[in-house]
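Shown next, in structure tokens, is the structure this report addresses.
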Protein chains: 2
Amino acid sequence: MSSQYTFTGQYSFNIDSKNRINIPAPLRKQFSNKDKKTFVVTRGIDSCAWIYPITEWKKIQSELQQLSSLSKTNRIFLRNHLRHANILKYDSQGRFVLPQSLIEYASIKKDITIIGVLNKIEIWNTKLLNEIDKSDNVNDQSYDQLSERVNI
Amino acid sequence: MSSQYTFTGQYSFNIDSKNRINIPAPLRKQFSNKDKKTFVVTRGIDSCAWIYPITEWKKIQSELQQLSSLSKTNRIFLRNHLRHANILKYDSQGRFVLPQSLIEYASIKKDITIIGVLNKIEIWNTKLLNEIDKSDNVNDQSYDQLSERVNI
DNA sequence: TAACATAAGTGGTTAATAGTGGGTTAAAAT
DNA sequence: ATTTTAACCCACTATTAACCACTTATGTTA
């Protein structure tokens, strides 16, 4: 599934006393009019928060709608993915308030790093990201597997 | 079957001394005029209560009518879903009183957590949900199977 | 390269809404 | 008739969202 969004780059910001985070202007500019400044923040798979523009999120959502709640696996999966998904808008200054639950999940303190990763934006505790960056050596074998699918 | 409803997010509330529960404003706002503040609360498949906006419930009902009562599974499923279904309205403050039978079924005490799960809303005993969240490890294999269908 | 102009980021205040509690009236049951 | 229960309404408080203003950075033009 390909996306219209190709977020890239890395930006340093502070979260303010009201838990507001500024979406970097270069990323914000990519939001289409259709999105109407609306997006979904949710738990990332690593300890960070993920942002999807709402039109992008709806694609994911329509896939989730195919899953029947009669299956236990599906129920748990749906619950755990949807309960942390917050639909938000950024204000006229390009900011939004990050929900408390995600602040805790991503260990957000003051210094944050925002990264563009194609169809999503990641929000990290700067310190945490740097530590992971050093320690998280993906072994060569997994890259080999990847190479069969992705041609860089 | 896709739905017009796409409830998401998680909200913490208290049930009050009159057994009233507040439907979180963000979820309430999604109710269409057609629903006229009316919805169905019933037993969830796990120990929680499920809320469907009335227009959504009617769709489900017509699907349930397709199920033959010759199957035992069907009979049990139909019984449990239909006998506990209460048609209710929320008041001008957005609250409704949760029937005693569902309070017992979902072990509702004071602290409750409300979760949006696409076409339905779940009401949980906060403590219970957290416990299940930890213990209910769906094995990786089932998620692997899921991954073939859902691309997040 | 200096001055200006524009855009981006930051902080705070105000206004609106959501959540909560309680009270009153109407209905129901004993 | 009295008590209990439920629906409806009103009011207070806390939280959230919208708005305004200032500062810093970037970029453009003389």
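A quick note: this is a predicted structure, and the numbers were derived from the prediction, not measured. In what follows, chains are A, B, ... by sequence order, proteins preceding strands, each numbered from 1.
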Write down the distance between [atom1] ([X]) and [atom2] ([N]), rounded to a whole number of angstrom.
{"X": "A/Ile112", "N": "C/dG9", "atom1": "CD1", "atom2": "P", "answer": "11 Å"}
{"X": "B/Tyr90", "N": "C/dG19", "atom1": "OH", "atom2": "P", "answer": "12 Å"}
{"X": "A/Lys18", "N": "C/dG12", "atom1": "NZ", "atom2": "P", "answer": "9 Å"}
{"X": "B/Leu27", "N": "C/dT17", "atom1": "CG", "atom2": "C1'", "answer": "16 Å"}
{"X": "A/Asn19", "N": "D/dT15", "atom1": "CG", "atom2": "P", "answer": "13 Å"}
{"X": "B/Leu98", "N": "D/dA7", "atom1": "CG", "atom2": "C1'", "answer": "16 Å"}
{"X": "B/Asp91", "N": "D/dA7", "atom1": "CG", "atom2": "P", "answer": "10 Å"}
{"X": "A/Ile21", "N": "C/dG11", "atom1": "CD1", "atom2": "C1'", "answer": "16 Å"}

| field | Under 3.5 Å donor-acceptor pair, B/Arg95 side-chain atoms to C/dG21 base atoms | value |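 Pair found.
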
| query | Does A/Arg20 make a side-chain donor-acceptor contact with the base of C/dG9, cut-off 3.5 Å? | reply |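 Check fails, no donor-acceptor contact within cut-off.
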
| said: Among B/Asn125, B/Ile15, B/Thr126, which residue satisfies the side-chain contact (heavy atoms from CB on, under 4.5 Å) criterion with B/Asp111? | reply: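 Between B/Asp111 and the candidates, side-chain contact (heavy atoms from CB on, under 4.5 Å) is satisfied uniquely by B/Thr126.
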
| field | Sole residue of B/Asp16, B/Ile23, B/Asn19, B/Ile21 in side-chain contact (heavy atoms from CB on, under 4.5 Å) with B/Arg95 | value |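 Considering B/Asp16, B/Ile23, B/Asn19, B/Ile21, a side-chain contact (heavy atoms from CB on, under 4.5 Å) with B/Arg95 is found only for B/Asp16.
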
| task | For B/Lys29, answer base if it contacts any base atom (sugar-phosphate contacts may also be present), sugar-phosphate if it contacts only those atoms, and nothing otherwise; contact means non-hydrogen atoms under 4.0 Å. | result |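 Sugar-phosphate contact only - B/Lys29 comes under 4.0 Å of backbone atoms but never of a base.
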
| If you pin A/Gln93 and A/Leu88 to their nearest nucleotides in DNA chain D, which one's is more 5'? |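 Whichever sits nearer the 5' end wins; that is A/Leu88.
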
| query | Any link between A/Trp57 and A/Phe96 through a network of hydrophobic side chains (Ile, Leu, Val, Met, Phe, Trp, Tyr) touching at under 4.5 Å? | reply |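 No, because A/Trp57 and A/Phe96 fall into different hydrophobic clusters, even though each may have its own neighbours under 4.5 Å.
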
| What do you reckon, is CD1 of B/Ile87 surrounded by more than 12 foreign heavy atoms closer than 6.0 Å? |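 Counting neighbours around CD1 of B/Ile87, 12 or fewer heavy atoms of other residues, nucleotides or ligands fall under 6.0 Å, so no.
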
